[in-house]
Amino acid sequence: MSARLLNGTEIARQVRAELAPRVAAFSARAGRPPGLGILLVGHDPGSEIYVRNKGKAAAELGIRADTERLPHTATLDEVLAIVDRLNKSAVHDGILVQSPLPAEMGSDAEQRVFDTISPAKDVDGFHPVNVGLLVQNRPHLVPCTPLGIIELLVRSETKIAGARAVVIGRSDIVGKPSALLLLHRHATVTICHSKTVNLPAVAAGADILVAAIGRAGFVTRDFVKPGATVIDVGINRVTDPEVARRLLLSTPQRLADFEKKGSVLVGDVHPEVAEVAGVLTPVPGGVGPLTIAMLLGNTVKAAEASIGTR
Ligand code: GUN
């Protein structure tokens, strides 16, 4: 058996197409486009790519995106000052401070920054007010990757109500909010993590398996019930030839790409899972494009709420 691959690029295109008339309606009514302020601190290569893609996708949809940059030596106060300015801005409806912040800024820097972003402009859904609203199932702005996961499941007509869902990973950005969204759609949800006993056996009970661990190829075929829907959230850059060869044995084209470039992007799900799962999201081209589409959706939602149209 070979899993049906969910085309995240195509589903994200549909989501963006559905947002276009809302962007036009907001712009006509407000006399300006929805606006997103992005702050990037330092030069993390992954973050550079994310931020560039977010800004480009926003511009293509007619959303104003302004990216501000600070050097990796910036202080927390400098970051908070920019957030404060964006909180007061009349042209920015959404604020996104790219994670991770430089380690030198301190272990609680991100929490302090996310706590400072106005909940009404919190398009990441990380502010405690938005987290609380999600927990109580009266969501306003919800984290983008979990929203994207639900969008993929709904648009691929995967039944969520009554399904057994297992989420591997308990992060505030993906694991916990994904579990809540699945719960609110009436799945029976288990969250697994590094201390879970017999993780493969727990995962193998899942009709819907969400892998959000951040370890290349961690989920192997013994984690997966035949026919299950597997959502791979991981985006791991592999540069070790031995690891690449082990993971890409069954996909010679991708192995050839690795041999040429010296690196490859691999999800948390081992490629061999395609032989067991019923439905699978590829990496790249699965969850990633949805995350950006949902960020645009959150920006439009925040903009509409600011003028009372939603
Ligand atoms: N870094 C990786 N993913 C995300 C995200 O969804 N939001 C922010 N702000 N930073 C990230």
Side-chain angles (χ1 to χ4, degrees), residues 8 12 15 36-58 63 65-70 72 74 76 79-80 82-83 86-87 92-103 105 107-119 121-128 130-131 134 139 141-152 167 169-178 180-181 210-215 231-237 265 267-268 281 283-284 286-299 301-302:
V15 171
L36 174 64
I38 301 173
L39 175 57
L40 175 60
V41 187
H43 296 283
D44 178 78
S47 294
E48 298 264 3
I49 295 171
Y50 273 128
V51 163
R52 196 177 334 122
N53 290 344
K54 286 168 183 175
K56 195 165 152 255
I63 293 174
D66 298 310
T67 302
E68 306 208 26
R69 308 188 64 122
L70 283 173
H72 77 279
L76 177 57
V79 175
L80 294 176
I82 290 181
V83 170
L86 290 169
N87 276 341
H92 295 103
D93 307 285
I95 302 170
L96 182 142
V97 178
Q98 185 67 23
S99 165
L101 291 172
M105 218 171 260
S107 58
D108 67 343
E110 276 187 13
Q111 197 63 67
R112 287 200 47 201
V113 170
F114 297 145
D115 286 359
T116 304
I117 293 173
S118 161
K121 296 190 177 188
D122 171 34
V123 286
D124 264 325
F126 296 163
H127 190 283
N130 285 317
V131 175
L134 174 60
L141 295 169
V142 174
C144 304
T145 299
L147 273 183
I149 291 170
I150 298 297
E151 205 66 33
L152 280 167
V167 179
R170 54 178 157 178
S171 69
D172 290 339
I173 295 184
V174 182
K176 282 187 228 169
S178 299
L180 284 164
L181 290 175
V210 177
I213 318 118
R215 286 175 61 182
I231 305 291
D232 189 354
V233 183
I235 304 181
N236 310 289
R237 186 169 292 284
L265 287 182
D268 290 349
T281 63
V283 174
V287 174
L290 265 298
T291 296
I292 294 183
M294 304 325 277
L295 170 68
L296 304 178
N298 274 351
T299 304
K301 189 173 185 183

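Numbering of ligands and ligand atoms starts at 1, following listing order.
- Only the backbone of Val97 comes within 4.0 Å of ligand 1, counting heavy atoms alone; no side-chain atom from C-beta on gets that close.
- Going from atom OG1 of Thr67 over to atom CG of Leu40 covers 8.0 Å, rounded to the nearest 0.5 Å.
- With ligand atoms numbered from 1 in the order given, ligand 1 contributes 5 (C), 6 (O), 7 (N), 8 (C), 9 (N) to contacts under 4.0 Å with heavy atoms of Asp124.
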Does Leu134 form a side-chain contact (heavy atoms from CB on, under 4.5 Å) with Leu181? I'd like the steps, not just the answer. CA-CA 8 Å; Leu134 174 60; Leu181 290 175; 3.6 Å; yes
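- Nearest heavy-atom pair across Leu141 and Val123 is CD1-N, 4.3 Å.
- With hydrogens and angles ignored, the 3.5 Å screen pairs a side-chain donor or acceptor of Asp268 with a backbone N or O of Arg215.
- Ranking the protein heavy atoms by distance from atom 1 (N) of ligand 1 puts Ser99 O, 2.9 Å first.
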Checking Val131 against Phe114 for the side-chain contact (heavy atoms from CB on, under 4.5 Å) test, could you report, in this order, the C-alpha distance in whole Å, the side-chain angles of both residues, the deciding distance, and whether it holds? CA-CA 11 Å; Val131 175; Phe114 297 145; over 6 Å; no
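- No N or O atom of Phe114 sits closer than 3.5 Å to an N or O atom of ligand 1.
- Residue contact check: Gln98 has heavy atoms under 4.0 Å from atoms 1 (N), 2 (C), 9 (N), 10 (N), 11 (C) of ligand 1.
- Remark: ligand 1 and Thr291 share no N or O pair separated by less than 3.5 Å (distance only, no angle test).
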